[in-house]
Amino acid sequence: MTQDELKTLVGQAAVQYVPAGAIVGVGTGSTVNKFIDALATIKDQIRGAVSSSVASTERLKALGIPVLEACEVESLPVYIDGADEVDPRGNMIKGGGAALTREKIVADLAERFVCIADESKLVEVMGRFPLPVEVIPMAAVQVARRLKAQYGGEATLRAGCVTDNGCHILDVRGLKITDPAAMEADISQWPGVVTVGIFARNKASVCLLGTSDGVRTLT
Ligand code: 5RP
């Protein structure tokens, strides 16, 4: 199966995690696009979605799925999103599509995070994928220095990228993320950091991995 077919497989499988009558948290990316397409087939059975990016909002609306603002809901039964890396404990790196801040906000509203990914995203220790860190533009150089000094990471500014929040992204190479929760808590409180792309506090409750043998479920 191609990577695209594996994404379709998990995007469709995720629909079974959407309760009837729910407002669903929807992530961002090519795998989530497959989920949105599948969600459209049951759109009459849900109340709507809270989206994590302009791109997902446009796709949801184009398919006739009502989109609510995050401030209009108190909680969501489920948030469904992809990942750039996921470890066997459900910790993730996210932000390859630059939507990490809104993704973390919507994930935080949700009772369950269902991660959908093809099996190439599963790693024992995260860090091969460059860690995205969204920063206030004036803090970028100082945050890059700290990433080098404290973690040995080489940060580069993502060229031409301005996030939905008007901020910039540093991509950090050379990290070995052995304690995701501690690194997330630490970097999150540095001045000028908007969001670090480690999702350990909001880790996946369930991970659906697309494999050539079908969907493998990690809980
Ligand atoms: C966007 C993300 C995406 O979920 C992540 O990049 C995975 O994307 P894809 O499904 O296209 O591989 O975090 O900010």
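We count ligands from 1, going down the list as the structure has it; atoms in each ligand are counted the same way. All values below come from the heavy atoms of this structure, side chains included, with hydrogens, waters and symmetry mates left out. Starting from 1, each residue takes its place in the sequence as its number.
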### Query
Counting only heavy atoms not in Glu72, do more than 12 fall under 6.0 Å of its CD?
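More than 12 within 6.0 Å, yes.
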### Summary
Applying salt bridge (Lys or Arg N to Asp or Glu O under 4.0 Å) to Arg59 and not counting sequence neighbours gives Asp37
### Message
Name the residue from Asp87, Leu218, Thr211 that meets the side chain to side chain contact (heavy atoms under 4.5 Å, CB included) definition with Leu122.
### Response
Leu218
### Query
Residues two or more places apart in sequence or in another chain: which of them pass side-chain hydrogen bond (donor to acceptor under 3.5 Å, both in side chains) with Gln16?
none
### Message
Strictly by ring pair (Phe, Tyr, Trp, His ring centres under 6.0 Å), give each pair with a member in residues 37-96 just once, sequence neighbours left out.
### Response
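Qualifying pairs: Tyr79-Phe113.
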### Query
Is the shortest side-chain N to carboxylate O distance from Lys104 to Glu184 below 4.0 Å?
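Yes, charged N to carboxylate O under 4.0 Å.
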### Query
Listing by chain and number, which residues have a heavy atom under 4.0 Å from ligand 1?
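Correct list: Lys7, Thr28, Gly29, Ser30, Thr31, Asp81, Gly82, Ala83, Asp84, Lys94, Gly95, Gly96, Gly97, Ala98, Ala99, Glu103, Lys121.
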